[in-house]
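Contents: one structure, followed by commentary.
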Amino acid sequence: MLQVYNSLTNQKENFVPINPEQVRMYVCGMTVYDYCHLGHARVMIVFDTIYRHLKSLGYDVNYVRNITDIDDKIIERANQNSEPFEVLTQRFIDAMHDDEKSLGLLAPSLEPRATDHMPNIIEMIQTLVAKDYAYAAENGDVYYRVAKFKGYGKLSGRLLEDLRAGERIAIDQYKQDPLDFVLWKAVKPDEPYWDSPWGKGRPGWHIECSAMSTHHLGNHFDIHGGGHDLQFPHHENEIAQSEACTGEHFANYWLHNGFIRVDKEKMSKSLNNFFTIRDVLKDYKGEEIRYYILTSQYRSPLQYSTAQLDSAHSSLERLYTALRGLEDGEALENSPAEMQFIAAMNDDFNTPKALAVLFELAHDCNRQRDSQPEQALQTAALLKKLGSQLGLLQTEPELWFKGIDTESDMSDDQINDLIAQRNLAKQEKDWAKADDIRNQLSELNIALKDGAQETTWRRK
RNA sequence: GGCUGAGUAGCAAAAUGGUUAUGCAGCGGUUUGCAAAACCGCCUAUUCCGGUUCAAUUCCGGACUCAGCCUCCA
């Protein structure tokens, strides 16, 4: 039985989908005005892994992850660059998709964009105005009347009076209550706009997610996720908007992933302490980043360091070493290891525990390899199968070790040629020459391993 | 100030009222021409103070420290 930690109740709960066969999941995606950083990678990887696990449990999963392609920062950046905002956002959407591919992500079922949903957004705001949950102000903005929604604060555990006492409420002369938030922003000079019953303008941030999620998944769906920083106010506001509009319960389970930290601080754009995915990809494989992210449970904070990424590299090397040469087996069904793995993942997606099972299997592969080759093949197949549920270990081991021919100074043929020369020297017991060739290759980051039958190599 | 969450060995990170996490790193051994990898074995732990209990890292209370949200943020 799958249990998930629900931010709405602050406890683990049995996961029971509304429709027993299907899971509907909405995740808040990126605002596309810059390259994605490792923090974004964590959301992507965490929810991709959740998506995979739900599918492996047999659910038909409808996974919607939106793209915010209109907002203040996008407009600001586009104006800085003197380019249309659509050109800017498309560029970063493409970049994001490249990053996703590198990280081994499955495509979500749907990636709706805010700008494609203006009618839905406007319709929702109209309903909220009609129900008196929203009002148009003199300046052309439309605001949500927070105090009218009696459940406000239920997700973030906040009371209205606590929020009022908060230190950082901005006073705005057009709002009837400082807590009210904007649904529709009136256009300013040099800004893109859409027509609406309240004049030219654009949607506020929160409303697009309410509009897109309910439009694509229905008024009431199973899982809503995103980074922990979205819990308040973004998700709180989504609940207020959606439930006031539809009169129905919005999402049943709220999942929030923890942050990546740099020097004990949250990695973020505003602190300027972020590492983009593409920067990290210069030194590490996407799979290594993915492994690193999965070494901690998704709700925990995760410290960024190259030491951790190096460790991820070594750990994956161990797993791939176990798999090497054991490619054609059939995985046994319902083995104890698989049960352990599923139990770990069913416990609020405990990927560190699931990874531990992978290492047990790798250990088994290594032990069985010579004495019980048939079993070793089955174990390896299971290892690869479970790895796939985490989005890991799907590269051919030889390819993983050797990399792409064009990556280094020396071609595969040249390497094989030198190995042949070295084997000749070994036959003649010319150890000095054999070691010389090995050192020469090592200088070029090629590591050799003498097996009983043959010498294998890898790029370090 | 309000609300959350966290403090486990060199590093990272699980779990558990009494019994091996796991990975990286390190140490010893087997193996190897020497290596590498693998295998066998070892090493280091539960922030502090009380309480409950036969027994607590695990439950309860308190302290301290840290992080996050309350402003855009994954």
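Chain naming here is simple, since letters A, B, ... match the order of the sequence lines and numbering starts at 1 in each.
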Hey, is the side chain of [X] poking within less than 4.0 Å of OP1 or OP2 on [N], counting only N and O atoms?
X	N	value
A/Asn257	B/rA74	no
A/His313	B/rA25	no
A/Ser300	B/rA14	yes
A/Arg367	B/rC40	yes
A/Arg318	B/rA38	yes
A/His256	B/rA74	no
A/Asn10	B/rU4	no

Task: Each stem that RNA chain B is part of, given as range with range (3 or more consecutive Watson-Crick or G-U pairs, under 3.5 Å) - done: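 Counting only runs of 3 or more consecutive pairs, the stems involving RNA chain B are B:1-7 with B:64-70, B:10-12 with B:22-24, B:26-30 with B:38-42, B:47-51 with B:59-63.
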
Just the rounded figure in Å: distance from [atom2] of [N] to [atom1] of [X].
X	N	atom1	atom2	result
A/Tyr292	B/rC24	OH	P	18 Å
A/Asn366	B/rG23	CG	P	11 Å
A/Leu163	B/rC3	CG	C1'	9 Å
A/His235	B/rA74	NE2	P	11 Å
A/Tyr304	B/rA12	OH	P	15 Å
A/Gln340	B/rU22	CD	P	12 Å
A/Phe359	B/rA14	CZ	C1'	13 Å

Name the nucleic acid region contacted by [X], choosing base, sugar-phosphate or nothing; use a 4.0 angstrom heavy-atom cut-off, strictly under.
X	result
A/Phe259	base
A/Gln308	sugar-phosphate
A/Gly39	base
A/Arg158	base
A/Glu317	nothing
A/Leu159	nothing
A/Met267	base
A/Gly258	base
A/Leu230	sugar-phosphate
A/Lys429	nothing
A/Thr295	sugar-phosphate

- [ ] Quick one: sort the A/Phe149 and A/Tyr152 rings into parallel, tilted or perpendicular, breaks at 30° and 60°.
- [x]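 A/Phe149 and A/Tyr152: perpendicular rings.
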
Task: Pair A/Phe221 + A/Phe250: ring centers closer than 6.0 Å - done: yes

Task: A/Phe92 ring center within less than 6.0 Å of A/Tyr35 ring center - done: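 So the answer is yes for these two rings.
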
Task: Lys/Arg N to Asp/Glu carboxylate O, A/Arg459 vs A/Asp412, below 4.0 Å - done: yes

Open item on the list: On RNA chain B, compare the nucleotides closest to A/Arg299 and A/Lys353; which residue's is nearer the 5' end?
Closed with: A/Arg299

- [ ] For A/Arg42 and for A/Ser305, find the nucleotide of RNA chain B with the closest heavy atom, then tell me which residue's nucleotide is more 5'.
- [x]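 Nearest nucleotide further toward 5': that of A/Ser305.
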
Task: Residue from A/His228, A/His235, A/His224 passing side chain to side chain donor-acceptor pair (under 3.5 Å) with A/His256 - done: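 Going through A/His228, A/His235, A/His224 one by one, the side chain to side chain donor-acceptor pair (under 3.5 Å) with A/His256 is satisfied by A/His235 alone.
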
Task: Within 45° cone and under 6.0 Å: A/Lys385 NZ/CZ vs A/Phe341 ring - done: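 No - A/Lys385 does not lie over the ring of A/Phe341 by the 6.0 Å and 45° rule.
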
Open item on the list: Does the Lys NZ or Arg CZ of A/Arg65 fall within the cation-pi geometry relative to A/Phe47 - under 6.0 Å from the ring centre and within 45° of the axis?
Closed with: no

Open item on the list: Determine whether A/Ile415 and A/Trp457 satisfy the following criterion, side-chain contact (heavy atoms from CB on, under 4.5 Å), listing intermediate values before the conclusion.
Closed with: CA-CA 9 Å; A/Ile415 293 164; A/Trp457 60 272; 3.7 Å; yes

Open item on the list: Assess the residue pair A/Arg367 and A/Gln375 against the criterion (side-chain contact (heavy atoms from CB on, under 4.5 Å)); give the C-alpha distance rounded to whole Å, side-chain angles, the decisive distance to 0.1 Å, and a yes or no.
Closed with: CA-CA 10 Å; A/Arg367 272 188 299 214; A/Gln375 277 192 30; over 6 Å; no

TODO: Kindly say whether, by distance alone, the side chain of A/Lys264 makes a donor-acceptor pair under 3.5 Å with the base of B/rC66?
DONE: no

- [ ] Among B/rG23, B/rA74, B/rC39, find the nucleotide with the atom closest to the side chain of A/Met30.
- [x] B/rA74

Task: Under 4.0 Å protein heavy-atom contacts per nucleotide of nucleotides 27-36 of chain B, with B for base, S for backbone only and - for none - done: ------BBBB

Task: Min side-chain heavy-atom separation A/Met410-A/Leu418 under 4.5 Å - done: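 Counting from C-beta outward, A/Met410 and A/Leu418 do come under 4.5 Å.
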
Donor-acceptor list for residues 287-294 of chain A side chains, cut-off 3.5 Å, not counting sequence neighbours:
unit_1	atom_1	unit_2	atom_2	d
A/Glu287	OE1	A/Tyr320	OH	2.9
A/Glu287	OE2	A/Tyr320	OH	3.0
A/Glu287	OE2	A/Leu393	N	2.7
A/Glu288	OE1	A/Lys285	N	2.8
A/Glu288	OE2	A/His313	ND1	2.5
A/Arg290	NE	A/Leu390	O	2.7
A/Arg290	NH1	A/Asp48	OD2	3.0
A/Arg290	NH1	A/Leu103	O	3.3
A/Arg290	NH1	A/Gly104	O	3.2
A/Arg290	NH2	A/Asp48	OD2	2.7
A/Arg290	NH2	A/Thr49	OG1	3.2
A/Arg290	NH2	A/Leu390	O	3.1
A/Tyr292	OH	A/Gln303	O	2.8
A/Tyr292	OH	A/Tyr304	N	3.4

